[in-house]
Amino acid sequence: MIICFMGVVLSLYSNSLLTILLGSFIYTTIENYTLSILGLPYFRISASFSPYLMQNSSLKTIIIGPIIAVFVTLLIYLYYKYIKNYNIYEQIYEK
């Protein structure tokens with residue numbers, strides 16, 4: 001659900017279907033690789049919803065992965081909104 005939310009945010013600011021569909025996939029791949037390199041594979045978003053990891057995990061292990069994904073989605077939103085000054089309503093009314 002959180003990864004789909006990232007796709008929705010990307011779809012608001014991008015006209016490219018490739019960017020919308022690959023954005024979430026690339027995020028998941030980079031997150032899995034980075035957290036595995038850092039020695040924190042149990043903080044991945046895919047590991048936070050795995051039933052076999054929930055037996056021995058604490059609440060911190062379950063929540064960190066989704067919090068990182070929401071933070072990255074918020075960064076994408078803030079980048080397009082305030083740095084690029086892109087307005088989604090202009091795109092809707094132009095068509």
Side-chain angles (χ1 to χ4, degrees):
M1 185 69 128
I2 296 169
I3 298 296
C4 295
F5 179 65
M6 184 182 295
V8 168
V9 169
L10 285 172
S11 70
L12 289 174
Y13 293 105
S14 176
N15 292 330
S16 172
L17 186 61
L18 183 68
T19 304
I20 296 167
L21 294 176
L22 284 180
S24 302
F25 173 73
I26 291 171
Y27 165 76
T28 307
T29 305
I30 290 172
E31 181 205 27
N32 285 334
Y33 179 74
T34 305
L35 290 176
S36 294
I37 293 295
L38 293 174
L40 305 168
Y42 41 87
F43 287 148
R44 298 175 299 163
I45 195 164
S46 58
S48 64
F49 297 110
S50 296
Y52 69 92
L53 291 174
M54 289 190 179
Q55 297 170 355
N56 301 332
S57 64
S58 64
L59 185 62
K60 181 175 75 170
T61 305
I62 296 170
I63 290 180
I64 294 291
I67 286 176
I68 293 171
V70 168
F71 181 71
V72 169
T73 305
L74 183 65
L75 286 177
I76 292 169
Y77 169 74
L78 292 174
Y79 173 74
Y80 278 108
K81 180 80 174 177
Y82 295 109
I83 295 175
K84 290 192 93 170
N85 294 326
Y86 188 79
N87 190 359
I88 60 171
Y89 300 112
E90 291 175 2
Q91 179 184 4
I92 293 171
Y93 292 126
E94 286 178 2
K95 293 180 181 179

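Residues G23 and M6 come closest through the heavy atom pair O-SD, 4.4 Å.
Aromatic ring pairs are classed by plane angle as parallel below 30°, tilted from 30° to 60° and perpendicular above 60°; the pair Y82 and Y77 is perpendicular.
A distance-only check finds no donor-acceptor pair linking the side chain of S14 to the backbone of I20 [under 3.5 Å]. At least one donor-acceptor pair under 3.5 Å links the side chain of Y27 to the backbone N or O of A69.
Y79 is connected to F5 through a chain of hydrophobic side-chain contacts under 4.5 Å among Ile, Leu, Val, Met, Phe, Trp and Tyr, so both are in one cluster. Hydrophobic clustering (side-chain heavy atoms under 4.5 Å, transitive across Ile, Leu, Val, Met, Phe, Trp, Tyr) keeps I26 apart from Y33. Neither V8 nor Y80 shares a network with the other; the hydrophobic side chains, linked directly or stepwise wherever heavy atoms of I, L, V, M, F, W or Y lie under 4.5 Å apart, form separate groups for each. Clustering ILVMFWY residues whenever any of their side-chain heavy atoms sit less than 4.5 angstrom apart, transitively, puts L78 in the very cluster that holds Y13. Taken together through direct or relayed side-chain contacts under 4.5 Å among Ile, Leu, Val, Met, Phe, Trp and Tyr, L75 and Y86 form parts of separate hydrophobic clusters.
Rounding to the nearest 0.5 Å places CD of E31 at 9.0 Å from OG of S36. Here the straight-line distance linking atom CD1 of I3 with atom CZ of F25 works out to 11.5 Å at 0.5 Å rounding. Distance check, rounded to the nearest 0.5 Å: CD1 of I2 to OG1 of T73 gives 8.0 Å. Taken to the nearest 0.5 Å, the CG atom of L22 stands 9.0 Å off from the CG atom of L17. Going from atom CZ of F71 over to atom CD1 of I76 covers 11.5 Å, rounded to the nearest 0.5 Å. If you take CZ on F43 and CD1 on I62, they are separated by 11.5 Å, rounding to the nearest 0.5 Å.
Between I45 and I68 there is no side-chain heavy-atom pair separated by less than 4.5 Å.
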